[in-house]
Amino acid sequence: MTYAIKAKNVLQRYGMHAQIHKTAGTGRNEGCAYSVTVQNPQLNVGELLRREGVAVGEMKWVE
Amino acid sequence: MIYFDNAATTYPKPQAVLRALNTAVVRYGANPGRAGHRLAVETAEQVYNARKTVAQFFDMEPCENVIFTKNCTEALNIVIKGLAKRGGHFLCSDLEHNAVVRPLESLRQRGICSWSTAAVGETDEETVENFRKALQPNTVAVICTGASNVFGEVLPIRALASLAHRNGAYMVVDAAQCAGVLPISMRKDGIDFLCAPGHKGLYGIMGTGVLLCNCEAVLAPLIQGGTGVLSALLTQPDAYPERLESGTVNVPGVLTVAEGVKFVEKKGVSQIYKAEMKHILHIGSALSEMRNVELYTDLTSGKKAYVPLLSFNVRGLHSEETAERLSKADIAVRAGLHCAPFAHKAYKTQSCGTVRICPSAFTGQKDVNSLLNSIFQIAKNA
């Protein structure tokens, strides 16, 4: 949760609306996790988060 | 009640802290970092903001390296046992609290690590030299109180950190008596691990503490358990803070610490120090003129810096007897060894302990006058 909040704060600082969700499980079967969704990203979100010190486990693009 | 036992825990707490406590219980009642519903996320965001407040206050980043603990002792145990490795050595000052020396002694008795002390000298230069001589090739960390919890003397943290780093050791600071009254910059002071109570100079409620990690070392966790993430794994997550925060976080406590830090920031650390030091200098000056009173904290020598607290005894009375008589006048102080037998050994006061006086941001001149009048009466009749 800590890093999901950190990610959300970073995205909001860059003017993007982000939301935190509990994730059923990651592809690596490591159990509980949190994810952050962002609509209409203005920037390369993965790169931005990594640059701000947020480790990104997985990324998904949905309609 | 006239309260001078603020070195044990500050009392009263600021109104804003009490409001934060109420808000935490009433409004942020969900478990942070476990579920995904709105209240759980909102509560987790409050805890995250508290980490940011604490990190900023001690000039450290990132904020996820702020670990919330139940007190300073737990924070020190996490660092000491988390850094311990077989054959390693720890070096600490001879003024340390049992929160430092007991975990060290426990490691020694289990055959894991050795430890030794360096004497705090008459001057900072002498202290640094004593530490330099006591360092060993296998010294893992220098652990040092920021200021003695019994006599108030401030230790040269920045110089000791520099010394530790030159010898490949970490610098660990027990900030129990200096957090909130002395400016601390983990970045500038070179502190790798800072342990502080949330309920003393930071004005949070009791049962709170913080550990700030400002280096690459990944501490072994003291306890293992639920973290809300990576729950399919049998091992603790690597990432802070979850790695070191198993189990439900004390949300009401955490939010009071953040509010307490804001209170200190608003008043100003230097202003708090100045106001409290004014009281202590007044008390010290008055006690030095009283017959039958022995003052151990030499505030006027100019050789050392002090935090605003002092220790004294009334000649012919055990420290506990003096404290008992003050208690009858409804004045709260602490007597005895203050969980710091090494400090008393260094000052040769281990047989009867000392009476410790510590003001807070809420202490007034009237409180000081009442205290002095009571001590005067006790000393006169001793």
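Model, not experiment: these values are computed from the prediction. Throughout, protein chains are lettered first and strands after them, A, B, ... in sequence-line order, and every chain is numbered starting at 1. Any value given below was found using the heavy atoms of this structure, including those in side chains, with hydrogens, waters and symmetry copies removed.
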Specify which of B:Pro241, B:Ala40, B:Cys63 makes the most heavy-atom pairs with chain A at under 4.5 Å. B:Pro241
Check this for me: B:Met206, atom CE, are more than 12 non-hydrogen atoms of other residues, nucleotides or ligands nearer than 6.0 Å? no
If you count the non-hydrogen atoms of other residues, nucleotides and ligands that lie under 6.0 Å from NZ in B:Lys81, is the total more than 12? yes
Report the option among B:Glu242, B:Arg51, B:Lys52 that has the most heavy-atom pairs separated by less than 4.5 Å from atoms of chain A. B:Glu242
Taking the side chain from B:Tyr48 and the backbone from A:Asn9, do they hold a donor-acceptor pair closer than 3.5 Å? no
Are any non-hydrogen side-chain atoms of A:Glu30 and B:Val229 less than 4.5 angstrom apart? no
Is the number of heavy atoms from other residues, nucleotides or ligands under 6.0 Å of B:Gln56 CD greater than 12? no
Determine all donor-acceptor pairs shorter than 3.5 Å in which one atom belongs to a side chain in residues 16-31 of chain B; sequence neighbours excluded.
residue: B:Thr23; atom: OG1; partner: B:Arg19; partner atom: O; Å: 2.8
residue: B:Tyr28; atom: OH; partner: B:Gln46; partner atom: NE2; Å: 3.2
residue: B:Asn31; atom: ND2; partner: B:Thr248; partner atom: OG1; Å: 2.9

Heavy-atom proximity to chain B below 4.5 Å, by part of A:Lys6: both
Donor-acceptor pair, side chain of A:Tyr34 and main chain of B:Arg34, under 3.5 angstrom: yes
Check whether more than 12 heavy atoms from other residues, nucleotides or ligands sit under 6.0 Å from atom CD of B:Glu45, and answer yes or no. yes
Look at the side chain of B:Ser231 and the backbone N and O of A:Cys32, then say whether any donor-acceptor pair between them is shorter than 3.5 Å. yes
Kindly say whether B:His37 contributes a backbone atom to a donor-acceptor pair with the side chain of A:Lys22 at under 3.5 angstrom? no
Applying side chain to side chain contact (heavy atoms under 4.5 Å, CB included), run through B:Val41 and A:Met1 and close with a yes or a no. CA-CA 8 Å; B:Val41 174; A:Met1 179 68 106; 3.8 Å; yes
Taking every non-hydrogen atom, the tightest pair across A:Tyr3 and B:Tyr240: OH-O, 2.5 Å
Which atom of A:Thr2 lies closest to which atom of B:Glu64, heavy atoms considered: CG2-CB, 3.9 Å
Sequence neighbours excluded, which residues qualify as salt bridge (Lys or Arg N to Asp or Glu O under 4.0 Å) partners of A:Glu52? A:Arg13
